[in-house]
Amino acid sequence: MAEYFVGHKEYFPGIGKIRCEGPKSDNPLAFKFYNPDRKVGQKTMREHLRFAVAYWHSFGADGTDPFGAATHIHPWTSDARNPMEAHEHKLDAAFEFFTKLGVDFYCFHDRDLAPEGQTPIESEKNLAHMVSLAHERQKATGVRLLWGTANLFSHPRYMNGAATNPEFGVVAHAAAQVKAAIDATIELGGQGYVFWGGREGYMSLLNTNLKREKDHLARFLTMARDYGRAHGFKGTFYIEPKPMEPMKHQYDFDVETVAGFLRAYGLDKDFRVNIEANHAELAGHDFQHELETAAALGIFGSVDANRGDPRNGWDTDQFPNNVYDTTLAMLAILRAGGFTTGGLNFDAKIRRNSVDPSDLFEAHIGGMDAFAAGLLAAHRILEDGKLVAFVRQRYSSFDAGDGKRFEDGRMKFEELAALAPASPDVGRTSGKQERLENLIMQYVLGVE
């Protein structure tokens, strides 16, 4: 097998296979901490982190923003004679990038992979053609599909939602698109399928039947799940929480909201969550909170790895670069048992003024190093056991005696009330937050 894939032509000339050169290297096109074959506990870094590249941002985003036109002129688009050929060339560029970077997975929306046709049948035909080409490139390279999804938010027909749209015809159109995307995911051996309800919410309650829309969303998800299982999809279904933007309020606001929705409609055994760091910030949480919440509720699944800008109130999708944050994230992921069908997908885009081909590599290298360093620090935290021991001790009054009886449900309420201690100082045990924060920093600074 060649060291990296080259299709129609080499789209990133002068950039070879990215290697690990260690923390002392000053080569911007080399990993400093991510060594895929390095063992961390019982798994290699490659197995722990399961990195994926987001097809849409990396090969489709062109730097456009509300105030300016495109700044990224992609050669795989500019050298094509028609939209289908442009998508074929983009696929070649993507697999060249995956193999040079050394990731095992990628993720896509249906409309990233293939252009939309004039009818659902034509769109499905376009997607099937591109899926066959992607299947060939997967076999040639060993790169796999982490998860697929359908873009139910960009087209004007979805301005009032997809599964929650007040017009039945739009709901049917969304079903045709999701059916084709699930078929594509199955064909490519995808390990997951994500539902991101980009416009499943409302702009105003004055024109919205909220209960009816949620009922329709649950019905749609139930039908899609049943279709996928009946047609051989054995992977994991995910819902990706986000509180707002583009809608004023989205029904998948955060992990806790999604969990309540799934339980209310009997879907909690079939769906997990794909958690995005930037979406957690928009919900008023931090990344660690959403990960820990998902783990506690038994619905942790996969991660869209990025970060936001605390000064901006929107989804900036920047590459992660804070090792303190990635350490806390990896700590939560390891304690949840690690990834099974999920992974770390870089749902992040280079900045509008980052226009060199190498910028895309350097952005991913930095993100991968940030999570590799976080993995090393988190593993040491768990191995040393100081943090775990502190938390265990903090709740030790529930491990025996009356506390254990209460926790196990073997105590009546009046009995609990009668056990109230006479001491006025009860509950004044220090939480040692500052000590624990300093302890985490010791592990972060000790990464090698």
Side-chain angles (χ1 to χ4, degrees), residues 18-27 30-52 102-105 275 277 280 285-296 300-307 319-340 342-346 364-396 399 430-448:
I18 306 301
R19 312 286 184 190
C20 181
E21 297 183 1
K24 294 183 180 179
S25 172
D26 60 1
N27 178 5
F31 296 117
K32 314 306 184 293
F33 296 100
Y34 178 60
N35 181 345
D37 298 321
R38 178 175 175 178
K39 271 291 195 73
V40 180
Q42 300 302 308
K43 296 181 181 178
T44 63
M45 282 191 166
R46 179 192 303 274
E47 293 168 327
H48 274 296
L49 299 168
R50 290 169 60 88
F51 286 129
V103 296
D104 292 324
F105 299 100
I275 299 168
H285 306 309
D286 56 34
F287 188 24
Q288 182 191 15
H289 168 88
E290 290 290 82
L291 291 168
E292 295 281 6
T293 300
F300 169 71
S302 197
V303 166
D304 271 6
N306 60 17
R307 65 183 167 98
F319 279 84
N321 65 0
N322 186 320
V323 178
Y324 195 96
D325 289 344
T326 60
T327 296
L328 296 178
M330 289 310 304
L331 183 61
I333 291 168
L334 291 177
R335 289 197 294 203
F339 294 115
T340 52
L344 290 165
N345 170 51
F346 286 108
H364 282 85
I365 289 167
M368 293 166 78
D369 271 340
F371 268 97
L375 169 64
L376 292 171
H379 177 71
R380 286 184 56 208
I381 290 169
L382 293 177
E383 286 289 291
D384 288 356
K386 294 176 184 175
L387 179 66
V388 174
F390 179 87
V391 175
R392 185 185 300 118
Q393 176 59 35
R394 193 170 187 227
Y395 292 90
S396 61
D399 292 338
S430 175
K432 298 294 182 185
Q433 179 177 330
E434 292 77 14
R435 176 188 293 181
L436 298 178
E437 289 171 344
N438 292 345
L439 180 64
I440 298 298
M441 187 58 72
Q442 280 182 261
Y443 292 110
V444 171
L445 294 176
V447 168
E448 295 176 356

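These numbers were taken from a predicted model, which means no experiment stands behind them.
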Peer 1: Side chains of residues 375-388: which donor-acceptor pairs under 3.5 Å do they make with residues two or more places apart or in other chains?
Peer 2:
{"residue": "Arg380", "atom": "NH1", "partner": "Gly446", "partner atom": "O", "Å": "3.4"}
{"residue": "Asp384", "atom": "OD2", "partner": "Tyr443", "partner atom": "OH", "Å": "3.3"}

Peer 1: Between Ser396 and Gln393, is there a donor-acceptor pair closer than 3.5 Å when you use the side chain of the first and the backbone of the second?
Peer 2: yes

Peer 1: Could you tell me if the side chain of Asp325 sits less than 4.5 Å from the side chain of Phe287, heavy atoms only?
Peer 2: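 They are not in side-chain contact.
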
Peer 1: Is the count of non-hydrogen atoms from other residues, nucleotides or ligands lying under 6.0 Å from Asn438 atom CG greater than 12?
Peer 2: yes

Peer 1: What's the verdict on side chain to side chain contact (heavy atoms under 4.5 Å, CB included) for Val103 and Met368, showing C-alpha distance, side-chain angles and the deciding distance?
Peer 2: CA-CA 10 Å; Val103 296; Met368 293 166 78; 3.8 Å; yes

Peer 1: Rounded to the nearest 0.5 Å, what separates atom OG1 in Thr293 from atom CD1 in Ile275?
Peer 2: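 Separation between the atoms: 8.0 Å.
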
Peer 1: For a quick test of reading the model, state the closest non-hydrogen atom pair linking Ala280 to Glu290 and the distance between them.
Peer 2: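 Nearest pair, atom of Ala280 first, then Glu290: CB-CG, 3.5 Å.
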
Peer 1: Heavy atoms, side chains only, cut-off 4.5 Å: are Phe105 and Asn345 in contact?
Peer 2: no

Peer 1: Evaluate the ring planes of Phe51 and Phe346, with Trp represented by its six-membered ring, and classify them as parallel (under 30°), tilted (30 to 60°) or perpendicular (over 60°).
Peer 2: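 Ring orientation of Phe51 relative to Phe346: parallel.
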
Peer 1: Quick one: CE on Met45 to CZ on Phe31, what's the gap to the nearest 0.5 Å?
Peer 2: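 CZ of Phe31 is found 11.0 Å from CE of Met45.
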
Peer 1: Check Leu344 against Ala305 and note the closest heavy-atom contact, atom names and distance.
Peer 2: CD2-CB, 4.3 Å

Peer 1: Could you tell me the separation between the OH atom of Tyr324 and the CE atom of Met441, rounded to the nearest 0.5 Å?
Peer 2: 5.5 Å

Peer 1: Gln42 versus Glu47: any side-chain heavy-atom pair under 4.5 Å?
Peer 2: no

Peer 1: Say whether, by atom type as modelled, one donor and one acceptor occur between the side chain of Lys32 and the main chain of Asn27 under 3.5 angstrom.
Peer 2: yes

Peer 1: Any sub-3.5 Å donor-acceptor pair from Asn35's side-chain atoms to Cys20's backbone N or O?
Peer 2: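 Absent.
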
Peer 1: Side chains of Glu437 and Ile440, heavy atoms from C-beta outward: is any pair under 4.5 Å?
Peer 2: no

Peer 1: In Å and rounded to the nearest 0.5 Å, what is the CZ to OG1 distance from Phe33 to Thr326?
Peer 2: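 One gets 10.0 Å once the value is rounded to the nearest 0.5 Å.
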
Peer 1: If every non-hydrogen atom of Ala332 is compared with every non-hydrogen atom of Leu291, which pair is closest and at what distance?
Peer 2: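 Looking at all heavy atoms of both residues, the closest pair is CB-CB, 3.8 Å.
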
Peer 1: Provide the closest heavy-atom pair for Ala370 versus Pro320 in the form atom of the first, atom of the second, distance.
Peer 2: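 For Ala370 versus Pro320, the nearest heavy atoms are CB-O, 3.9 Å.
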
Peer 1: Can you tell me how far CD1 of Ile333 sits from CZ of Phe339, rounded to the nearest 0.5 angstrom?
Peer 2: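 These two atoms lie 4.0 Å from each other.
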
Peer 1: For the residue pair Ser25 and Ala30, what are the closest heavy atoms and their distance?
Peer 2: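 Looking at all heavy atoms of both residues, the closest pair is OG-CB, 4.3 Å.
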
Peer 1: Decide yes or no for His48 and Phe371: does some side-chain heavy atom of the first lie under 4.5 Å from some side-chain heavy atom of the second?
Peer 2: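 Of all side-chain heavy-atom pairs linking Phe371 with His48, none is under 4.5 Å.
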
Peer 1: Judged by atom type as modelled, is there a donor-acceptor pair below 3.5 Å linking the side chain of Arg50 to the main-chain atoms of Thr340?
Peer 2: yes

Peer 1: For the pair Asp369 (side chain) and Tyr34 (backbone), establish whether a donor and an acceptor sit closer than 3.5 Å, ignoring hydrogens and angles.
Peer 2: yes

